Amino acid sequence: ENKISKNHYGDLKRLLKSDVITLHVPLDVVGKYPTQNLINRFELEQLEPNSLIINTSRGGVINEEALLDAISGEKKIWTVIDCWRNEPQVNEQLLRSAWLTTPHIAGRTLESKQKAIEIICNQLLGKNKQNIDLLKLEEKKVTPFKEVKFNKNLSIFFNTIIPLEEISKTMSESFKFDVEKRGILFDNLRAKSLRNEFHSFRVETDSKLEVKFLRSLGFKTFKASDVG
């Protein structure tokens with residue numbers, strides 16, 4: 001039995017001293033471990049200067065008013081916001097103040113949709129051979145390998161995989177519209193932002209160090225000499 005060391009875990013107070021903090025929790029209003037406003041004014045005050053906080057879980061996990069104060073404060077907190085309170089009518093001030101903004105797309109991939117289809121089919125039709133073969137055939141259609149070249153400029157490389165900067169620019173400019181139109185833009189942008197997961201990409205590189213880095217993120221790799 002594989003056991004995870006206790007050193008992999010820490011209380012929130014300790015985690016808030018990290019340079020990069022990412023949130024991956026459900027939005028629970030009640031219960032033993034409520035997460036609504038998990039990151040509130042007190043927690044934001046504990047952050048280190050120039051730290052980065054990323055919310056790809058649920059809107060409401062971060063107190064947006066407190067976050068705005070933190071962004072404009074002396075510590076210069078950097079923020080990536082994918083999940084918003086009151087989606088798709090998102091907070092206009094936060095939209096204009098956050099470093100990167102996206103329309104709730106962190107988990108929106110072709111592979112996750114395929115997995116959801118697989119779960120539903122297995123529940124309705126059972127795991128018979130015909131059903132499994134059909135799902136495998138559909139999976140090949142949905143997730144063919146895509147080949148890209150590695151770029152040492154990681155910003156350029158990852159924007160090749162998913163154009164986050166372009167999506168964020170479109171999001172941040174939506175404050176020009178009224179609330180209703182902003183909501184429509186949010187939904188349309190989300191619908192268009194379907195992507196593949198890292199393991200569906202083959203990245204060309206000859207560097208052993210780059211191969212190690214890319215494979216740690218789930219990418220497949222190949223050498224230019226392997227082609228042809």
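If you're wondering where the values come from, they're calculated on a predicted model, not measured in any experiment.
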Are the side chain of Glu87 and the backbone of Trp84 linked by a donor-acceptor contact shorter than 3.5 Å?
yes
When you measure from the side chain of Ser51 to the backbone N and O of Leu47, does any donor-acceptor pair fall under 3.5 Å?
no
State whether the side chain of Ser200 and the backbone N or O of Asn196 hold a donor-acceptor pair below 3.5 Å, judged by distance alone.
no
Are more than 12 heavy atoms, taken from residues, nucleotides or ligands other than Lys181, located less than 6.0 Å from that residue's NZ atom?
no
A side-chain contact here means heavy atoms from C-beta on lying under 4.5 Å apart; do Thr109 and Leu194 qualify?
no
Taking Glu204 first and then Lys223, would you say they form a salt bridge - that is, a charged N and a carboxylate O separated by under 4.0 Å?
no
With the side chain counted from C-beta on, respond yes when Leu52 and Asp19 share a heavy-atom pair under 4.5 Å apart, and no when they do not.
no
I'd like to know if Glu92 pairs up with Arg96 as an ion pair, taking the criterion as any Lys NZ or Arg NE/NH1/NH2 lying under 4.0 Å from an Asp or Glu carboxylate oxygen.
yes
Quick check: is Leu38 connected to Ile81 through a chain of hydrophobic side chains (ILVMFWY, heavy atoms under 4.5 Å apart)?
yes
Closest non-hydrogen atom pair between Ile77 and Ala70, with its separation:
CG1-O, 3.8 Å
Check: Val25 main-chain N/O paired with Thr35 side-chain donor or acceptor under 3.5 Å:
no
Within the side chain of Glu43, is there an N or O that forms a donor-acceptor pair under 3.5 Å with the backbone of Asn40?
yes
Do Val29 and Val61 share a hydrophobic cluster, counting only Ile, Leu, Val, Met, Phe, Trp and Tyr and linking them when any side-chain heavy atoms are less than 4.5 Å apart?
no
Dump the intermediate steps for side chain to side chain donor-acceptor pair (under 3.5 Å) on Arg215 and Thr221, then the final yes or no.
CA-CA 7 Å; Arg215 290 184 178 177; Thr221 61; 3.0 Å; yes
Report the distance from atom CD of Gln114 to atom CD of Glu111, rounding to the nearest 0.5 Å.
9.0 Å
From the options Leu44, Ile21, Ile53, select the one residue that forms a side chain to side chain contact (heavy atoms under 4.5 Å, CB included) with Leu16.
Ile21
Working to the nearest 0.5 angstrom, can you tell me the gap between Phe213 CZ and Phe150 CZ?
5.5 Å
Which pair of heavy atoms, one from Phe42 and one from Gln46, lies closest together, and at what distance?
O-NE2, 3.0 Å
Chi angles and distances behind the side chain to side chain contact (heavy atoms under 4.5 Å, CB included) call for Arg41, Glu45:
CA-CA 6 Å; Arg41 197 169 302 276; Glu45 287 172 353; 3.9 Å; yes
Begin from the C-alpha positions of Val203 and Glu210 and carry the test side chain to side chain contact (heavy atoms under 4.5 Å, CB included) through to its verdict.
CA-CA 10 Å; Val203 184; Glu210 290 169 2; over 6 Å; no
Can you check side chain to side chain contact (heavy atoms under 4.5 Å, CB included) on Phe222 and Glu147, steps first, answer last?
CA-CA 9 Å; Phe222 71 100; Glu147 294 187 350; 3.9 Å; yes
If only atom types and distance count, is the side chain of Lys220 paired as donor or acceptor with the main-chain N or O of His199 below 3.5 Å?
yes
Under 4.5 Å between side-chain heavy atoms, hopping through other hydrophobics if needed: is there a path connecting Ile39 to Leu67?
yes
Ionic contact status for Arg85 with Glu65, cut-off 4.0 Å
yes
Is the backbone of Asn153 close enough, under 3.5 Å, to the side chain of Asn151 for a donor and an acceptor to pair up by distance?
yes
Linked, directly or transitively: Val20 and Leu100 (ILVMFWY side chains, under 4.5 Å)
yes
Criterion side chain to side chain donor-acceptor pair (under 3.5 Å) on Thr102 and His104, from CA distance to verdict:
CA-CA 6 Å; Thr102 50; His104 205 149; over 6 Å; no
Without swapping roles, check the side chain of Asn159 against the backbone of Leu164 for a donor-acceptor pair under 3.5 Å.
yes
Is it the case that atom CG in Asp178 sees more than 12 heavy atoms from other parts of the structure closer than 6.0 Å?
yes
Apply side chain to side chain donor-acceptor pair (under 3.5 Å) to the pair Lys75 and Asn50, showing each step before the final yes or no.
CA-CA 6 Å; Lys75 288 187 175 182; Asn50 289 302; over 6 Å; no
Give the cluster check for Leu214 versus Ile161: same hydrophobic cluster or not, with ILVMFWY residues linked at side-chain heavy-atom distances below 4.5 Å.
yes
Side-chain contact test, heavy atoms from C-beta onward, threshold under 4.5 Å: evaluate it for Ile105 versus Ile167 and give yes or no.
yes
Taking all atoms of both residues into account, what is the closest heavy-atom pair of Phe186 and Pro88, and its distance?
CD2-CB, 3.5 Å
How many angstroms lie between CD1 in Ile71 and CG in Leu94, if you round to the nearest 0.5 Å?
5.5 Å
Drop me the distance from Leu23's CG to Leu27's CG, to the nearest 0.5 angstrom.
11.5 Å
Could you measure the distance from the CG atom of Leu185 to the CZ atom of Arg190? Nearest 0.5 Å is fine.
14.0 Å
With side chain to side chain contact (heavy atoms under 4.5 Å, CB included) as the test, would you mind laying out the steps for Asn91 and Leu68 before giving the verdict?
CA-CA 10 Å; Asn91 186 312; Leu68 278 167; 4.0 Å; yes
Quick check against the 3.5 Å criterion: does Arg195 have a side-chain atom that pairs as donor or acceptor with the backbone of Ile162?
no
Between CG on residue Asn55 and NE2 on residue His24, distance to nearest 0.5 Å:
9.0 Å
Checking the side chain of Ser112 only, and the main-chain atoms of Arg108 only, is there a donor and an acceptor separated by less than 3.5 Å?
no
Give me the atom names and distance for the closest heavy-atom approach of Leu217 to Phe198.
O-CD1, 3.3 Å
